Number of protein chains: 2
Amino acid sequence: MLALADPTRRAILQRLGSGEARVTELAAPFAMSLNAVSKHIRVLERAELVSRRRAGREHFLSLNPKPLDEAAAWIDEQRRFWTQSLDALERALAEHED
Amino acid sequence: MLALADPTRRAILQRLGSGEARVTELAAPFAMSLNAVSKHIRVLERAELVSRRRAGREHFLSLNPKPLDEAAAWIDEQRRFWTQSLDALERALAEHED
DNA sequence: CTTTCATTCAACCTATTGGTTGAATATGGA
DNA sequence: TCCATATTCAACCAATAGGTTGAATGAAAG
């Protein structure tokens with residue numbers, strides 16, 4: 001499963017961009033149960049996108065920066081491909097239009 | 001649905017990176033029916049990640065470069081967030097270790 | 001024409017996803 | 001000690017995703 005595929009999870013990541021937060025805080029903005037958000041967090045954890053720090057009964061979540069770099073690398077790689085094929089297309093069109 | 005979420009679809013995109021291809025060609029490497037691949041292609045089309053050129057009974061698919069730039073922009077934006085919070089974390093750790 | 005080839009359409013099946021609710025666990029505070 | 005709070009666990013449910021097969025469409029080739 002791709003953890004980034006779900007909009008709720010992307011929103012959670014975005015929220016964590018401005019600092020760590022507890023489960024309850026993360027859940028607050030959403031029109032769904034705390035349990036549902038707890039599950040989403042678990043998915044993000046399994047994907048190693050966030051990490052958890054327990055302090056008594058409160059769990060603080062924060063972003064884990066590593067996998068993002070991998071994602072960016074993947075996109076960059078793809079981009080090279082695409083740009084390449086765009087160039088080829090442009091050349092082809094130029095020839096055709098003469 | 002996030003079109004990039006499926007590994008088959010990512011493989012198709014990667015294949016299209018080296019030039020346009022027909023449905024049958026795209027389907028060949030996969031251990032699934034032609035129909036299944038045809039469906040994946042439709043998803044990629046709806047997401048405007050690929051476009052189709054019909055020539056007789058053959059359909060040629062090729063990459064559509066626009067949405068990739070959007071994706072890259074999104075990732076870059078996220079990256080800024082993450083880097084930021086990493087810095088904060090490092091500062092916090094430094095203080096703590098004294 | 002009839003047949004073959006490239007592709008999609010339509011109906012169907014199963015596993016997974018994203019959600020629910022209710023109970024369990026464990027910490028904190030009166 | 002007793003109750004409230006923070007969180008997870010477990011069982012369940014509906015919708016969707018990804019696959020299948022078989023028939024339909026439409027172009028090419030004999």
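Everything numeric here is computed off the predicted structure, so don't read it as measured data. Chain identifiers are assigned alphabetically (A, B, ...) following the order of the sequence lines, protein sequences preceding nucleic acid strands; residue numbering begins at 1 within each chain.
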Output a table of nitrogen or oxygen pairs between the protein and nucleotides 17-19 of chain D separated by less than 3.5 Å.
unit_1	atom_1	unit_2	atom_2	d
D:dG18	OP1	B:Asp6	OD2	3.4
D:dG18	OP2	B:Arg9	NH1	3.3
D:dG19	OP2	B:His40	NE2	2.2
D:dG19	N7	B:Lys39	NZ	3.2
D:dG19	O6	B:Lys39	NZ	2.3

Q: Look at the side chain of A:Asn35 against the base of C:dT21 and say whether a donor-acceptor pair falls under 3.5 Å; ignore hydrogens and angles.
A: yes

**Q.** Any donor-acceptor pair under 3.5 Å from B:Arg9 side chain to B:Ala3 backbone
**A.** yes

Q.
Between C1' on C:dA23 and CG on A:Leu34, what's the gap in Å once rounded to a whole number?
A. 15 Å

Q.
Keeping A:Asn64 on the side-chain end and A:Glu48 on the backbone end, is there a donor-acceptor pair under 3.5 Å?
A. yes

**Q.** Nucleotide C:dA6, atom C1' - distance to CZ of B:Arg54 in whole Å
**A.** 12 Å

Q: For A:Val50 and A:Leu13, work out which heavy atoms get closest and say how close.
A: CG1-CD2, 3.6 Å

Q.
I need the minimum non-hydrogen distance between B:Leu61 and B:Val23, along with the two atoms involved.
A. CD2-CG2, 3.8 Å

Q) Which pair of non-hydrogen atoms, one from A:Arg10 and one from A:Ala5, has the smallest distance, and what is that distance? A) NH1-O, 3.4 Å

Q) What one-letter contact string describes nucleotides 25-30 of chain C from 5' to 3', where B marks a base within less than 4.0 Å of any protein heavy atom, S marks contact via sugar-phosphate atoms alone, and - marks no contact? A) --BS--

Q | Phosphate-side-chain proximity, A:Ser38 and D:dT7, N/O vs OP1/OP2 below 4.0 Å | A | no

Q.
Please give me the minimum heavy-atom distance between B:Ala36 and B:Met32, naming the atom from each residue.
A. CB-SD, 3.6 Å

Q. Distance check: side-chain N/O of A:Arg42 vs OP1/OP2 of D:dT8, anything under 4.0 Å?
A. no

Q.
Which heavy atom of A:Glu25 sits nearest to which heavy atom of A:Pro29, and what is that distance?
A. O-CD, 3.5 Å

Q.
Rounding to an integer number of Å, can you tell me how far B:Glu58 CD sits from D:dA27 C1'?
A. 10 Å

Q: Provide the closest heavy-atom pair for B:Ala21 versus B:Leu16 in the form atom of the first, atom of the second, distance.
A: N-CD2, 3.9 Å

